[in-house]
**Q** 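First the structure, which I've put down as structure tokens, then a few questions once you've had a look.
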Amino acid sequence: MAKDGASGYADLYESSLLPLDEGNEPNVYAQVIVDVPAKQTNRPFDYVVPEELRAWIGIGSRVGVPFGPRTLQGFVVGLSAKSDMAAGKLKKIEQVLDLVPPLNPELVQLADWMSRTYVCHEITALQAMIPGALKAKYEKMIAVADRPERIDSRQPSDGEGQTMLFAGSAEEDAIVAFVRQKSAVSTEAMLNRFPDSGPLLKHMLEQGTLVEVQTVKDRLQAKRILYVEPAAEAEALLEHSRSLPSNAKRQMEVLAYFSENPEPVPLSELSEKLNVGAGTVKGLAEKGWLTVREREVFRDPYEGRKFDRTSPLPLTEQQREALDPISSSLDKKEHNVFLLHGVTGSGKTEVYLQAIQQCLDQGREAIVLVPEISLTPQMVERFKGRFGDAVAVMHSRLSQGERYDEWRKIGLKRVSVVIGARSAVFAPFANLGLIIIDEEHESSYKQEESPKYHARDVAIQRASRHGAAVVLGSATPSLESFARTGMRSSDGAGNEAAPYRLLTMADRVEGRPLPAVHIVDLREELKEGNRSMFSRGLYKAIEERLHKKEQTVLLLNRRGYSTFVMCRSCGFVVQCPHCDISLTYHQVSRSMRCHYCGLSQPEPKTCPSCDSEHIRYFGTGTQRVEEELGKLFPGIRVIRMDVDTTSEKGSHERLLTRFRNKQADVLLGTQMVAKGLDFPDVTLVGVIAADTVLHLPDFRAAEKTFQLLTQVAGRAGRHKLPGEVFIQTYTPDHYSIVTASGHDYKAFLDNELEMRKMRGYPPYCELALVTFSHEQVPMLVRAGESFVARLKDSWQRSRHKTEADRSPYDASTSYFEVYGPVASPIPRIKDRYRFQCMVKYRVGVDVSGMLTETAAAFDETVRQEKLLISIDVNPQVLM
DNA sequence: TGGACCTAAGCG
DNA sequence: GCTTAGGTCCAT
């Protein structure tokens, strides 16, 4: 498929409904990927498109197809006039599940790219693109057996006249007629119509008069409500009204209403307005004066909310300089990737908004990705305020129905901007002009389940096919992205070609200063006898804010500090019996839970190991900080934000609104308080313990620490009042903490690149992680070692092929190393042991194919021995 | 020799 | 992934 600039896909989309190929023969064959995520079915199967469905089927259609003995959901990935299969062997597509194909040819192609790049089944990639509401649901239905003559049960053929038990053969005939008329009936509907037919049905199924068939259903239907409208002109209505008996007051009122308001109105609204019952309306409808019909409506999560319209703000010099290149890229409809490096509070959002505006003015569409937790009402408001109803919002806190409806608006061309988390990158637009990824360094853009895609890479892939621009925005760009701007290409990081263009915004708007940052050495505090979790500096600062009625944000980085239960006598830590990790203490239920397998057990009263009673939960949970705050500052109003307080739908928003309205002095929380929040009266930010992430066994630990500290520090002093930040730490000299306190990204970058280069980590190479799991360790060792050997061998052979056309002086060409197998950082999950090996390879080399092939050699073992092999290309988490 | 059980193949 | 055909093994 040629990519010919911007309009290419719009045309393709239109013509995808039965494009004709070769001599104008109609495309009667469809290539379908079926809903079976298995290696042997990971290819298209040919089906006949029946005449009557031909107008409804396009590339990207969801269909129900017979597959073996059952009916499955599938996606049409191709249409053709010919098929290699013998015509007699082909089956027909049974049903089309959507009026409009939910995917388009570009997305179908993207799924193919994903399955190759991220090593997953194509169906898995396709399913990731549609909302949960459309995931297949299979329903057993009863149909009349498809055969010329049915066995007449009234004449028993097999000895004993058992069928005589069912004397009501008339009922049998009635059932057959009923089912035949409806073509297929669910068991419930059947029992509704023939209440006591249970045993008879069973018999008819055994006899073969009736058969069970499977159909594909959606999990959810579009919401429909009843609308009422007049069936005649106003004059006629009044005429009818006069013909009513004088006591039919209600009916008259309704007719009078419609004579003045002829537009359709929801039945519920009408009954409320005129205080009439549904019966009254029904009566009028039966007389033929009114019409009642169902209409599809959207479940609008923001229904009734008014968003104040905003107009573009005048740009600062540096915003203008950042926008200009994006703008000219849009003008030319060229594919470019921009890395917008702007300090917190530099006004990145306004740049996004104006770029989107331009994109919309061109008649193209835009996608905005934000990390799940920063998709706050505040954020939504800014986009809805500027673009109104043209915006669809998609995030996990919507109900399945709401999400489905927001998504439908895209296909129905009701919206041209989508703002959402990771999966919104698949918004089925046909004419994309711009994709924005805010906080591009966030690890939540990487999906940890299959398909293990990175939204940033998928976005760039999509944009390149549309001639669209991509803007990656961050105050703390990931090293991978920064390296791709070519800033450090001299020492080999990233590609020489510098595929991304760097745009910098170094100052906050209106020249507001970045907050002053104090690093507090907790070791010193301890030495001087302060055993509290608040240093004296932070204590004084909080006290001061309380006094001045300003607000404080406190960050408790819970990772590594999660609440585990330990015995103070012997040091025993309660662990999961099936997974090698500590159980987490949940205060609400007073139980111990396993984060990995979901096991839940009561909190131990005495130590299981030494019987001591000195067993208690450890870790500075947010509750403990809250308690301590209460003790130190009596009367302080604290809002706590963590998994416990934000699990309920909408609670996240409620808490933030309360804080915004100054109903609290302190906002205390985990990572979720670090991102994107913007409150004018926050002048103090405290980090309780900065090094919790730093010591995790992850090569990105320093980067994550720097990002988190910079982000949270950016919450202070964003408006008129100046801000101040306290970072409490046991390692005050670590470069990630020192550079974060100086708001010095460049200094951090230089330090970190040095480390990465020395140790051979991204951006100096790329990684792939292969994890093996099995119930027995020896099997893992054997399989793992054999895998590594095969992989190395495979590389050796492929290298000889490619080296010929590469420069012999470029030593990095051959860079390919495999480490392991070694036990995973979490050595056991759900009673399965885990080993992993890590592959390091040169940036830009495609190792996916090699990994797929190598894994294929283990098919036998996978099937027979229940070995599991999981491949993660460019993993974010090395566990 | 019949039946329970297992495995590998095939699904259009 | 699920079903089924065909092969294996054992008890009758």
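Each chain gets a letter, A, B and so on, in the order the sequences are listed, and its residues count up from 1.
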**Q** Take the angle between the ring planes of A:Phe816 and A:Trp795 and call it parallel below 30°, perpendicular above 60°, tilted in between.
**A** parallel
**Q** Students often get this wrong, so: under 4.0 angstrom with heavy atoms, is A:Ser83 touching a base, only sugar-phosphate, or nothing?
**A** nothing
**Q** Taking any heavy-atom pair under 4.0 Å as a contact, classify A:Gln31: base, sugar-phosphate, or nothing.
**A** nothing
**Q** Across the strands shown, which category fits A:Tyr47 at heavy-atom distances under 4.0 angstrom: base, sugar-phosphate, nothing?
**A** sugar-phosphate
**Q** Near A:Glu775 CD, under 6.0 Å, is it more than 12 heavy atoms from other residues, nucleotides or ligands?
**A** no
**Q** Listed by chain and number, what are the side chain to side chain donor-acceptor pair (under 3.5 Å) partners of A:Ser450, not counting sequence neighbours?
**A** none
**Q** As an exercise, state the distance from NE2 of A:His121 to NZ of A:Lys39, rounded to the nearest 0.5 Å.
**A** 8.5 Å
**Q** Write out all pairs satisfying salt bridge (Lys or Arg N to Asp or Glu O under 4.0 Å) with one or both partners inside residues 863-879 of chain A, taking only residues at least two apart or from two chains.
**A** A:Lys446-A:Asp872, A:Glu860-A:Arg863
**Q** Which nucleotide of DNA chain B is the first, and which the last, in the 5' to 3' direction, to come under 4.0 Å of a heavy atom belonging to chain A?
**A** B:dA8 to B:dG12
**Q** Determine which pairs satisfy ring pair (Phe, Tyr, Trp, His ring centres under 6.0 Å) with at least one residue from residues 442-461 of chain A, sequence neighbours left out, and list them in order.
**A** A:Phe426-A:Tyr453
**Q** Would you confirm whether A:Asp98, through its side chain, and A:Val100, through its main-chain N or O, come within 3.5 Å as a donor-acceptor pair?
**A** no
**Q** With sequence neighbours left out, write down each residue that passes side chain to side chain contact (heavy atoms under 4.5 Å, CB included) with A:Glu402, or none if nothing qualifies.
**A** A:Arg299, A:Pro301, A:Leu398, A:Ser399, A:Lys649
**Q** Mind checking which nucleotides bracket the chain A contacts on DNA chain C, 5' to 3', with an atom under 4.0 Å from a heavy atom?
**A** C:dG1 to C:dT3
